[in-house]
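What follows is one structure encoded as structure tokens, with my remarks underneath.
Numbered from 1 within each chain, the chains take letters A, B, ... in sequence-line order. Owing to the predicted nature of the structure, the values given are computational and were not obtained by experimental measurement.
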Amino acid sequence: MSGTIKVLNVAEKPSVAKSVSAILSRNQGLRVRDGRSRFNKIFEFNYSIRGQPCHMLFTSVTGHLMELEFEDRFRKWHSCDPADLYHAPVRKFVPEDKVGIKRTLEEEARRCQWLVLWLDCDREGENITFEVIDVCRAVNPHLTIRRARFSALIEREIHHAMQNLVDPNPWFSDAVDARQEIDLRIGASFTRFQTMLLRDKFVIDSATDDRNLVLSYGPCQFPTLGFVVERYWEVQSHEPEEFWTINCSHRSDEGVATFNWMRGHLFDHTCAVIVYEMCVQEPTATVTKVRNQEKLKYPPYPLSTIELEKRASRYFRMSSEHTMKAIVQEQKEHPEWGSYAQRLLDPGTGLWRNPGSGGHDDKAHPPIHPTKFSTGERGWSQDHHKLYELVVRHFLACVSQPAVGAETTVEIDIAGELFSASGRIILERNYLDVYRYESWGGSMIPTYTVGQQFVPTSLTLDMGVTRPPPLLSEADLLSCMDKAGIGTDATMHDHIKKLLDRFYATKDSNTRFSPTNLGEALVMGYDDMGYELWKPNLRSMMEFDMKEVSVGNKSRDEVLATCLQQMKACFLDARLNKVKLLEAMAVFFERSNRAVGGDNHTAGEVVRQCGLCQESSMVLKKNLDGNFMVGCLGFPQCRNAIWLPGSVLEATVTSNICSSCNPGPVYLIQFKFRQLEIPPGFNANHLGCIGGCDDTLKQLIEICGTGSRMSARGRGPTTTSSNVQRSSNRQGACLYCQQMGHSSNDCPSQFSGSRNSRSRTNSQNGDPSISCSTCRTPCVLRTANTANNRGRKFYSCPSQECNFFIWEDTLNNGNGGRSIPRECINSSASNSRRRGGHGQFGHNGARTADVTFVSATGDPVSSRRCYVCGDPSHFASACPNRGM
DNA sequence: GCAAGGTC
């Protein structure tokens, strides 16, 4: 061997090839030339690996070089039963747009002795590694193959990787192979199944051209949709519950302290009234505890991609997709945060701190950090500036000391009830100086000492109503996906976008997601089947198996076999239960009266291969008008069809094969004819063949005519009206409970369970006569469901932000329609009830105080009167109206 | 026409 060896190096993307080449060559003698692909240049330089002089060629791929697909004869949607896709042969191939890269690799690999792989060091990167190896080895089997391990484009790390090459890890790659195959088989089978089942049966108004609509299913997109739907159902089914809380404030020369009731709130009105009354009767507060504490507020962890997307969405309302697209690069001395950076670097300030570990490590990338200083470049959009600023400020914050505050908590006792107030002063702002997206409210409270007594300035019993959680925001959705392991940082935004593209969900101006009717119907359908196909569990289980493969605990084939077997069983079962999907769709969509396509028949069993297109199967079908035919699954491309006699009552494909018709097999069909429609001498039961050998069948077709002609006669008004009847006149039998006399829309069974509250909400649309006092939005009339006010109607603002609320029956009773101040507390009712307890607070005498108290309605009320009915002759605890 | 994963 001559002294120098030729080494082909391959990176995952062009920019890495360029950077690593620059580092290794130290920009000495670095040359660049074009390859076969426009974007993937080839860099050349000399280098020495452990003393061995090398001529280095450095090129790149752009992500995966290969794709997985079914073999050609399974690729057309009608070419096979979707269930066949669980075992149909698949192949890896280099798609058209990657052929140039493949040719570059082949050409360069032929003249090299070594192949060094610089793909990302995660599972996908390892899989791409093997794709590159396959291509290169095919043209040069003698290549020595080595893997470089690195995680960041830092000089020290790159040289270290080059000098410490390792072997590629086939387990990592196997895990990806398994994932790809499972995703393809599940995705393609369910997508074809649900698209062909539903698309032509319903008028799906969201799509402009629903002939081309694809109702896709994917192991990532569906759980993502599931999160959106689940939250939407939660919001829809929320039943507001009233609660009561006691608030106390105290004003002194030093300022105001607001004390919160340490019970939080009570859901039992009577109980709250009794406690309140006790406080009113004996209102002197005694300070029981004063705690002074230093509190730290820590800066955020270094940014992962997902965290960057979440924060960009939260702070700038930027979609995750947009964030990803915007270029996050460059850094230096900035007019705004430059001085902070200088302080940070000055050891004298002591501001620096090594960042914490966020617990996320994809093994392929370091945390996001500014890689170059910039005061902004020409051509940067506003969003680009904002993202750059976020990356820089976040990075500076990560390496800064936490903010320091002094917190004072004061606890007081009023008639045995505990209240607490706290105040905070910020002593050192530290990282908050640069991280302007976060704040730490400081509020002063007067100084108190233990044992001090005072009379509160106000003591009120306030009512609140529980509120539903908000719809999922983009940041929430990313969190849900991250937690459940749905998608990767690079693909999560794709899955979210797919929901919008497929008309499964919409995003409002507040970046909050709601399902469309289509999205809700699909999830509802699978939910009704009892399958969790829309939940993240399936993906999480797959992810667990992938991990097992990647560490060598399980083999790729073992995982593939088990997973595909289970999923096929699930698919077959879902198909048996397809009526659930149809019912769910029927809740939201009108039936289509489109009389086209094989999809409008009930799906049938295979009778023989199609002799006309030679591609698809001929199957027995029953048209919507009740007539039977044997048609090609390739319709409408292939229009081969055999129309059967109009007198057929029932027809079933048997497993018997005709002994004379070719090409076989041609399966015999068991017919049952309507006796009155066939001539005497013909048997109503007949085992027939459509291959051409069956004279009985031919005669009957001649005599009785075929379903085709019947159908042609029937088309037009008759067919239309029958279809219309199917769709709009669902009273025939309710889709929910199968009972006669009402439609599914009015089914009483709909009103149990959470999801179906949709119809209730729709009937409670805004009443324009009552508007929210804050945002002027028409209020929604709702019904309370609490022990004290069950069935009582109230109006509330539909906005999540406003707290407007008013009882309907107070509108015309001279009360002036005063709204009741309240606050939103989302704690669960059961917890609060547990805290509150019942009946343990007794009436303990009639002591009064000389302060004015404010009632829940805002009116001054004398402490000497019953709080419930206002009667001065008794207290609320003895009020005869209390139980009302 | 279908998935999810790379990346441009």
Whole angstroms only, please: what is the [atom1]-[atom2] distance between [X] and [N]?
{"X": "A:Arg123", "N": "B:dA4", "atom1": "CZ", "atom2": "C1'", "result": "12 Å"}
{"X": "A:Asp494", "N": "B:dG6", "atom1": "CG", "atom2": "P", "result": "10 Å"}
{"X": "A:Lys92", "N": "B:dG5", "atom1": "NZ", "atom2": "C1'", "result": "11 Å"}
{"X": "A:Asp183", "N": "B:dG6", "atom1": "CG", "atom2": "C1'", "result": "13 Å"}
{"X": "A:Leu533", "N": "B:dA3", "atom1": "CG", "atom2": "P", "result": "16 Å"}
{"X": "A:Lys98", "N": "B:dT7", "atom1": "NZ", "atom2": "P", "result": "10 Å"}
{"X": "A:Asp177", "N": "B:dG5", "atom1": "CG", "atom2": "P", "result": "15 Å"}
{"X": "A:Asp501", "N": "B:dG1", "atom1": "CG", "atom2": "P", "result": "17 Å"}

A:Thr516 (side chain) donor-acceptor with A:Gly519 (main chain) under 3.5 angstrom
yes
May I ask you to say what [X] touches in the nucleic acid, namely base, sugar-phosphate or nothing, with a heavy-atom cut-off under 4.0 Å?
{"X": "A:Thr62", "result": "base"}
{"X": "A:Leu65", "result": "nothing"}
{"X": "A:Pro82", "result": "nothing"}
{"X": "A:Phe190", "result": "nothing"}
{"X": "A:Gly125", "result": "nothing"}
{"X": "A:Gln194", "result": "nothing"}
{"X": "A:Gln180", "result": "base"}
{"X": "A:Thr488", "result": "sugar-phosphate"}

Cationic N near anionic O, under 4.0 Å, [X] to [Y]:
{"X": "A:Glu532", "Y": "A:Arg539", "answer": "no"}
{"X": "A:Arg147", "Y": "A:Glu126", "answer": "yes"}
{"X": "A:Glu44", "Y": "A:Arg33", "answer": "yes"}
{"X": "A:Asp573", "Y": "A:Lys568", "answer": "no"}

Short side-chain donor-acceptor distance under 3.5 Å, A:Asn40 and A:Ser60
yes
I'd like to know if the side chain of A:Ser216 pairs up with that of A:Gln221 as donor and acceptor (distance under 3.5 Å, no hydrogens or angles considered).
yes
Considering only heavy atoms and no angle criterion, is a donor-acceptor pair shorter than 3.5 Å present between the side chain of A:Ser216 and the base of B:dC2?
no
Taking donor-acceptor contacts at under 3.5 Å, does the side chain of A:Gln221 reach the base of B:dC2?
no
Which one, [options], comes nearest to the side chain of [X]?
{"X": "A:Glu124", "options": "B:dA3, B:dC8, B:dG6", "result": "B:dG6"}
{"X": "A:Pro219", "options": "B:dC2, B:dG6, B:dA3", "result": "B:dA3"}
{"X": "A:Val214", "options": "B:dC8, B:dG1, B:dG5", "result": "B:dG1"}
{"X": "A:Lys13", "options": "B:dA3, B:dG1, B:dT7", "result": "B:dT7"}
{"X": "A:Phe70", "options": "B:dA4, B:dC2, B:dC8", "result": "B:dC2"}
{"X": "A:His495", "options": "B:dA4, B:dC8, B:dG6", "result": "B:dA4"}

Looking at [X], I'd like to know whether one of its side-chain N or O atoms comes within less than 4.0 Å of OP1 or OP2 on [N].
{"X": "A:Thr491", "N": "B:dG5", "value": "yes"}
{"X": "A:Arg502", "N": "B:dC2", "value": "yes"}
{"X": "A:Lys76", "N": "B:dC2", "value": "no"}
{"X": "A:Thr195", "N": "B:dG1", "value": "no"}

Please figure out whether A:Cys220 or A:Trp77 has its closest DNA chain B nucleotide nearer the 5' end.
A:Trp77
For A:Leu85 and for A:Arg179, locate the closest nucleotide of DNA chain B by heavy-atom distance; then report the residue assigned to the nucleotide nearer the 5' terminus.
A:Leu85
Candidate pair A:Arg103 and A:Val94, rule side-chain contact (heavy atoms from CB on, under 4.5 Å), full reasoning
CA-CA 11 Å; A:Arg103 286 179 59 195; A:Val94 177; over 6 Å; no
Using a strict heavy-atom distance below 4.0 Å, which residues from residues 538-545 of chain A are in contact with DNA chain B?
A:Arg539
Distance to the ring centre below 6.0 angstrom and angle to the axis at most 45 degrees; does that hold for A:Arg502 and A:Tyr504?
no
